[in-house]
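Report on the structure given below.
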Amino acid sequence: MEKRELLYEGKAKRVYATADPDLVIVDYKDDATAFNGLKKGQIQNKGALNNKISSYFFELLAVKGIASHYVRCLSAREMLVKKLEILKVEVVVRNIAAGSLAKRLGLEEDTSLRRPVLELYYKDDELQDPMINEYHLYALEIATEEQVRHLAATALEINEILTVALQERQIVLVDFKLEFGLFHGSLLLGDEISPDTCRFWDAATREKLDKDRFRRDLGGVEEAYEEILRRLTGGN
Ligand code: TMP
Ligand code: ASP
């Protein structure tokens with residue numbers, strides 16, 4: 001698939017056009033940011049690791065009947081995806097209190113939640129992605145009621161699929177963020193599913209195996225991403 005002009009550059013990915021107007025190439029970067037871009041750095045080999053880890057999850061979800069933008073993995077850092085019109089909403093699902101939820105509700109990190117919590121954030125860097133609810137989505141015409149029902153049900157189903165798959169590999173899925181977009185009128189899962197966008201903990205030791213190692217200067221960041229890939233695929 002021929003790579004054409006750069007369409008968009010985000011904090012962790014570049015998106016390129018192809019000869020097919022319906023398809024784009026996502027090129028994963030080693031750049032890492034946290035706290036809405038305030039903290040910047042690089043994680044050695046992150047682009048290749050996230051490309052492989054995301055490909056693995058999108059393929060698993062496809063087998064389970066969850067439609068996404070993923071078409072196929074193209075190279076070490078690149079995947080071919082359907083070109084979506086991304087909705088300006090981030091959907092977060094949480095199983096265990098950590099990060100901003102622990103802070104907001106005054107819960108100790110690693111407090112388990114009785115049932116999954118679904119949160120919505122307005123995808124706007126300048127506003128630092130404020131938390132919103134479904135009524136904001138309707139009022140701002142970001143999504144219809146039918147679309148929000150679909151987003152929420154799909155996000156919770158993904159949570160169940162990933163939780164089970166990760167459990168088998170001694171990884172706890174603490175929380176994660178999803179994005180969705182429209183492709184010729186249908187709503188598909190987009191973006192990535194990787195240690196940049198999920199919290200993964202070792203089931204026994206509770207060791208963090210995700211971007212919190214970068215956010216909190218814990219060291220061993222690349223090794224943590226490698227460990228996730230190794231447990232998922234045996235390293236391939
Ligand atoms: P939070 O606890 O900081 O709100 O993060 C919840 C989950 O969402 C966590 O798995 C990390 C992910 N996330 C992103 O993917 N992008 C972001 O910009 C933020 C703030 C969180
Ligand atoms: N999306 C956030 C940022 O750029 C990163 C994060 O905390 O995951 O800076």
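Just so it is clear, the model here is predicted, and its values are computed rather than measured. We count ligands from 1, going down the list as the structure has it; atoms in each ligand are counted the same way. Computation of the quantities below employed the complete heavy-atom set of this structure, encompassing side-chain atoms and omitting hydrogens, waters and symmetry-equivalent molecules.
- Asp110 and Arg206 are joined by a salt bridge, as a carboxylate oxygen and a charged side-chain nitrogen come within less than 4.0 angstrom of each other.
- Applying the 4.0 Å criterion to heavy atoms of Gly99 picks out, from ligand 1, the atoms 2 (O).
- Remark: atom 19 (C) of ligand 1 lies closer than 4.0 Å to no protein heavy atom.
- Asn51 places a side-chain N or O within donor-acceptor distance of the main-chain N or O of Ala76, the cut-off being under 3.5 Å.
- Proximity to Phe176 (heavy-atom distance under 4.0 Å) selects the following atoms of ligand 1: 10 (O).
- The part of Cys198 lying near ligand 1 is the backbone, judged by heavy-atom distances below 4.0 Å.
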Atom pairs and distances, side-chain donor-acceptor, residues 85-94, under 3.5 Å, sequence neighbours left out:
{"residue": "Arg94", "atom": "NE", "partner": "Glu119", "partner atom": "OE1", "Å": "2.9"}
{"residue": "Arg94", "atom": "NE", "partner": "Glu119", "partner atom": "OE2", "Å": "3.2"}
{"residue": "Arg94", "atom": "NH1", "partner": "Ala98", "partner atom": "O", "Å": "3.4"}
{"residue": "Arg94", "atom": "NH1", "partner": "Asp175", "partner atom": "OD2", "Å": "3.4"}
{"residue": "Arg94", "atom": "NH2", "partner": "Ser100", "partner atom": "OG", "Å": "3.0"}
{"residue": "Arg94", "atom": "NH2", "partner": "Glu119", "partner atom": "OE1", "Å": "3.0"}
{"residue": "Arg94", "atom": "NH2", "partner": "Tyr121", "partner atom": "OH", "Å": "3.4"}

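- Atoms of ligand 2 lying under 4.0 Å from any heavy atom of Gly37, numbered from 1 in the order shown and given with element: 3 (C), 4 (O), 9 (O).
- Numbered from 1 in the order shown, with element, the atoms of ligand 1 that lie under 4.0 Å from a heavy atom of Arg215 read 11 (C).
- Here the shortest heavy-atom distance to atom 5 (O) of ligand 1, taken over Arg199, Lys177, Lys211, belongs to Arg199.
- Scanning all protein heavy atoms for the shortest distance to atom 17 (C) of ligand 1 gives Glu90 OE1, 4.4 Å.
- Among all protein heavy atoms, the one lying closest to atom 4 (O) of ligand 1 is Ser100 OG, 2.6 Å.
- Among protein heavy atoms, the minimum distance from atom 9 (C) of ligand 1 is reached at Asp175 OD1, 3.1 Å.
- Residue contact check: Phe35 has heavy atoms under 4.0 Å from atoms 7 (O), 9 (O) of ligand 2.
- Using a 4.0 Å cutoff on heavy atoms, Glu119 does not count as a contact of ligand 1.
- At a cut-off of 3.5 Å, with distance as the only test, no side-chain donor of Asn36 or Asp129 sits close to an acceptor on the other residue.
- The parts of Thr33 lying near ligand 2 are both backbone and side chain, judged by heavy-atom distances below 4.0 Å.
- The closest heavy-atom contact to atom 5 (C) of ligand 2, among the options Arg215, Lys177, Lys39, Lys211, comes from Lys211.
- With no hydrogens or angles considered, no side-chain donor-acceptor pair links Glu5 and Tyr16 at under 3.5 Å.
- Ligand 1 places these atoms under 4.0 Å from at least one heavy atom of Asp196: 15 (O).
- Aromatic rings from Phe180 and His150 are positioned such that their centres are separated by 6.0 Å or more.
- Tyr225 and Asp196 share a side-chain donor-acceptor pair at under 3.5 Å.
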